[in-house]
Colleague: 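Take a look at the following structure, please.
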Amino acid sequence: MSGGVSIVWFRRDLRVEDNPALAAGVRAGQVIAVYIWAPEEEGHYYPGRVSRWWLKQSLALLDSSLKNLGTSLVTKRSTDSVASLLEVVKSTGATQVLFNHLYDPLSLVRDHRMKEVLTNNGIAVRSFNADLLYEPWEILDDKGRPFNTFTEFWDRCLSMPYDPESPQLPPKKIISGDLSKCPSETIIFEDESEKGSNALLARAWTPGWSNADKALAAFMNGPLLEYSRNRRKADSATTSFLSPHLHFGELSVRKVFHLLRIKQVLWANEGNTAGEESVNLFLKSIGLREYSRYMSFNHPYSHERPLLGHLKFFPWRIDEGYFKAWRQGRTGYPLVDAGMRELWATGWLHDRIRVVVSSFFVKVLQLPWRWGMKYFWDTLLDADLESDALGWQYITGTLPDGREFDRIDNPQFEGYTFDPNGEYVRRWLPELARLPTEWIHHPWDAPEYVLQAAGIELGSNYPLPIVKLDAAKSRLQEALAQMWQYEASSRAILENGLEEGLGDSTEATSLIAFPQDMDEMDMDSNAIRATTHTTTTIRHYEDQMVPSMTTSLLRGGEEEESSSDVGNQAEDSRAEVPINQGMDDTRMGRTDDMQQVNDITAALRSMDDLQAESSNTSGSTRERDGGVVPVWSPSTSSFNETFVGEDSTYLQRHPQSHQLVNWRRLSQTG
DNA sequence: GGCTGATTAAT
DNA sequence: TTAATCAGC
């Protein structure tokens with residue numbers, strides 16, 4: 001292979017350090033580094049404004065690093081990244097393509113297709129792990145099945161018989177391939193209207209892999225020590241600020257892991273238990289990121305479907321007024337509103353506050369969790385499909401180890417926990433700045449003279465609670481009762497064998513469309529065309545395993561009518577929304593009966609999908625450093641047996657729930 | 001040192 | 001809510 005030309009396809013691995021694909025290219029001879037911008041392939045998940053801003057800076061820094069090493073980054077604007085890649089291969093005479101793995105559902109499918117297309121064109125394709133401590137298929141329980149609770153997963157990660165790969169140094173020099181026939185194309189990452197807002201971001205953030213390294217050092221030499229003590233503050237100053245760097249792969253998580261471990265040993269030797277504990281906690285948050293990829297790989301639809309089936313029947317409120325009030329920070333609950341204002345203003349939110357606002361969204365407002373997830377996607381600087389899907393499913397209670405759905409968190413109490421002095425609220429809600437701490441998290445209880453002295457007129461310059469908590473509690477009980485009822489009737493339909501007629505006669509989907517005021521954007525059907533047949537290619541150990549996904553499963557995303565940029569919409573309409581003077585519950589639209597019928601039929605349909613799923617592919621094993629690593633197969637992935645285990649307390653308390661999505665039963669029939 | 005009620009964190 | 005840890009007896 002020496003002397004050959006390799007394409008190194010950069011995606012979310014925007015670093016030269018500890019980048020296995022790049023290193024392999026350098027070893028093999030000449031390198032052509034390529035970045036392809038094809039956001040239309042992301043469908044609904046076209047990157048938001050702040051995310052694009054970050055990407056632009058990060059690519060510029062990567063390019064300059066590559067230039068110092070001897071080549072430069074070729075950028076391409078495309079609507080079909082596989083076709084573009086093939087073009088680059090042909091125009092440069094490359095003989096192999098190297099890339100690092102991604103685990104979001106769209107990438108899994110696209111990368112698999114890419115591999116097939118290139119291989120059919122006689123091009124060698126090799127892929128690597130650069131994003132995780134361990135590949136998802138390496139972490140299995142004693143029976144060889146994937147874990148379905150985080151704690152078990154993470155315990156296993158920390159007790160693996162072999163350590164995560166050690167981070168590699170950057171190459172000293174790159175021999176560039178001939179770029180003359182492969183010119184870069186200009187990529188437009190921001191439009192004129194976005195530039196003003198983006199200018200502010202540069203004050204707080206410095207994207208790019210070398211800056212990520214500095215941020216890591218700053219965190220490890222500073223806030224890390226106090227991490228366990230400080231993590232309960234709404235104030236972000238004590239967090240690592242690494243998540244956007246990690247999202248774009250500017251920072252190697254393996255490097256983070258190894259450095260943390262070294263630090264931990266040092267502190268342990270000094271008897272510094274607080275420091276030791278802090279490292280454990282921070283590692284856990286790294287672990288959650290790992291787990292999000294793990295879940296996405298094993299359940300490639302988890303960004304749009306609840307993993308516990310009964311939630312399909314929850315009667316979400318399709319209420320754009322609620323949605324808007326939440327986005328604008330006008331719910332009347334100061335901690336929630338402060339969070340939403342901070343998110344809007346900065347693209348950032350402390351993890352604790354993300355939990356607060358999303359829990360409020362799902363349980364008090366009863367809005368569909370995917371709307372909230374989409375808004376996070378559009379506005380967060382560290383927007384990350386896998387992490388956000390995991391987070392929202394956790395909050396919604398659709399994971400076996402998620403929060404319990406029927407418990408409503410109280411923003412007032414959370415306020416005094418996370419923001420005891422009200423500083424956070426005062427910073428983001430200037431209209432409440434003069435309110436004494438005693439009332440800062442529940443202004444609706446404040447005596448009139450206190451409000452007057454603080455210049456607050458509730459319902460005028462700050463809203464009354466959009467929904468009172470006791471009302472929210474009873475509404476939630478009703479909704480849950482309804483959910484179980486729908487679930488029971490759909491189960492009855494199933495057991496009576498009526499599913500065929502229903503399942504085939506409708507195009508319904510269990511997905512609730514994003515609000516109509518978002519721009520329509522169709523998915524590129526090529527991008528999500530699933531491969532239902534199996535290739536017999538021999539896998540290299542570093543190869544990407546591909547969970548098989550049926551077309552019908554993926555089509556859920558296509559069929560959906562909607563949307564792209566919630567964030568822009570929010571911006572446009574921000575000023576127009578009057579303060580909500582305590583909304584009348586009866587005005588709130590529920591998903592109507594038709595929607596419920598659709599949901600039920602869709603649930604039935606998805607069972608067909610699952611059955612189709614289980615008939616695909618076959619498993620095998622292969623060597624890895626002397627150990628045997630299972631290759632992905634349906635029996636170790638996805639849909640069978642998962643979440644019906646006895647280990648889930650939620651399911652124990654709600655035994656009805658797993659009748660519907662009993663994947664063990666499904667895979668037997670499939 | 002062991003019991004008991006309070007506190008807290010929970011993926 | 002519950003399990004685990006902690007303070008105080």
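Proteins come first, then strands; the chains are lettered A, B, ... in the order of their sequence lines, and each starts at number 1. For clarity, every value in this text was computed on a predicted model and none was experimentally measured.
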Colleague: Which residues pass the salt bridge (Lys or Arg N to Asp or Glu O under 4.0 Å) test with R426(A), not counting sequence neighbours?
Modeller: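 Once residues adjacent in sequence are excluded, R426(A) has no partner under the salt bridge (Lys or Arg N to Asp or Glu O under 4.0 Å) criterion.
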Colleague: Could you tell me the separation between the CD atom of Q477(A) and the C1' atom of dT1(C), rounded to a whole number of Å?
Modeller: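 About 13 Å, once rounded to whole Å.
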Colleague: When all nucleic acid strands are considered with a 4.0 Å heavy-atom cut-off, which category describes D351(A): base, sugar-phosphate, or nothing?
Modeller: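 Counting heavy atoms under 4.0 Å across all strands, the contact made by D351(A) includes a base.
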Colleague: Which nucleotide span of DNA chain B, 5' end to 3' end, has atoms closer than 4.0 Å to non-hydrogen atoms of chain A?
Modeller: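 It runs dA9(B) to dT11(B).
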Colleague: Kindly write out the residues that satisfy ring-ring contact (aromatic ring centres under 6.0 Å, His included) with F219(A), not counting sequence neighbours, or none if the list is empty.
Modeller: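 So F219(A) forms a ring-ring contact (aromatic ring centres under 6.0 Å, His included) with Y227(A), F282(A).
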Colleague: Using the salt bridge (Lys or Arg N to Asp or Glu O under 4.0 Å) criterion, which residues pair with R261(A)? Sequence neighbours excluded.
Modeller: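 Testing R261(A) for salt bridge (Lys or Arg N to Asp or Glu O under 4.0 Å), a comparison that skips the adjacent residues, returns none.
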Colleague: Checking R352(A) now: which residues fulfil salt bridge (Lys or Arg N to Asp or Glu O under 4.0 Å) with it, not counting sequence neighbours?
Modeller: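 Partners of R352(A) under the salt bridge (Lys or Arg N to Asp or Glu O under 4.0 Å) test: none.
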Colleague: For H441(A), what residues pass the ring-ring contact (aromatic ring centres under 6.0 Å, His included) criterion, not counting sequence neighbours?
Modeller: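 Per chain and number, H441(A) pairs via ring-ring contact (aromatic ring centres under 6.0 Å, His included) with Y416(A).
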